[in-house]
Each structure stands twice: as structure tokens, then as C-alpha cells.
Amino acid sequence: KNSRFLILDEPCQDLDSKNRAKILDIVEQVVKNIGTTLIFVTHIPEIPLVVTHKLVLKQGRLAQKTRV
């Protein structure tokens, strides 16, 4: 499908590094090729290269907002 919006919540959790890299590559290709807007929720520092903004929440409140 050519979704305009994609929300992924912890898509790489519990994956080994090889499969984590595969998921990140697939996400990057979807965003680049289709132009999908992405919200990527994670607790690990690895994020897709197509991410342009980063929000950090602490106890449910915005702690940091930066451009990547």
C-alpha cells in the first residue's frame, strides 16, 4: 500500500543487529520511495536515517526537541 502515514512502535525491539539493520533499511526505503510520513518510537539509539526530528519524553513530558 502507498500509505501517507506510518507509525512504528518499537519495530526493532528484541531483534539481533542483522535483523535490526534490515528493518531500518526497509523503513528508509518506504519513506524515500513513497514519501510516507513516519513516526518511529524507540528506546534504542538506532533510528532510520530518514528521521528529521527527534522528541525525547521523560515521564510523559517533552524533555528535548531537536532536528536530526
task = Side-chain contact test, heavy atoms from C-beta onward, threshold under 4.5 Å: evaluate it for Asp25 versus Gln29 and give yes or no.
result = yes
inquiry  = Could you measure the distance from the CD1 atom of Ile44 to the CD atom of Glu10? Nearest 0.5 Å is fine.
reply    = 7.5 Å
note = Exactly one of Leu38, Val41, Ile39 clears side-chain contact (heavy atoms from CB on, under 4.5 Å) with Leu8, and that residue is Leu38
query = Do Thr42 and Cys12 have side chains that get closer than 4.5 Å, going by heavy atoms?
reply = no
task = Find out whether Glu46 and Leu24 are in side-chain contact, i.e. whether some heavy atom of one side chain is under 4.5 Å from a heavy atom of the other.
result = yes
inquiry  = Once rounded to the nearest 0.5 Å, what's the spacing between atom CZ of Arg20 and atom CG of Asp14?
reply    = 9.5 Å
note = Between Ile23 and Leu15, the two heavy atoms sitting closest are CG1-CD1, 3.7 Å
task = For the pair Glu28 (side chain) and Leu49 (backbone), establish whether a donor and an acceptor sit closer than 3.5 Å, ignoring hydrogens and angles.
result = yes
inquiry  = What's the separation between atom CZ in Phe40 and atom NZ in Lys54, rounded to the nearest 0.5 Å?
reply    = 12.5 Å
Transitive ILVMFWY side-chain link Val27 to Val68, under 4.5 Å = yes
query = Would you say the side-chain atoms of Gln64 pair up with the backbone N or O of Leu57, donor to acceptor, closer than 3.5 Å?
reply = no
inquiry  = I want to check something: taking the side chain as every heavy atom from C-beta on, are Lys65 and His53 in contact at a cut-off of under 4.5 Å?
reply    = no
task = Check whether any side-chain heavy atom of Thr37 sits under 4.5 Å from a side-chain heavy atom of Arg4, and report yes or no.
result = no
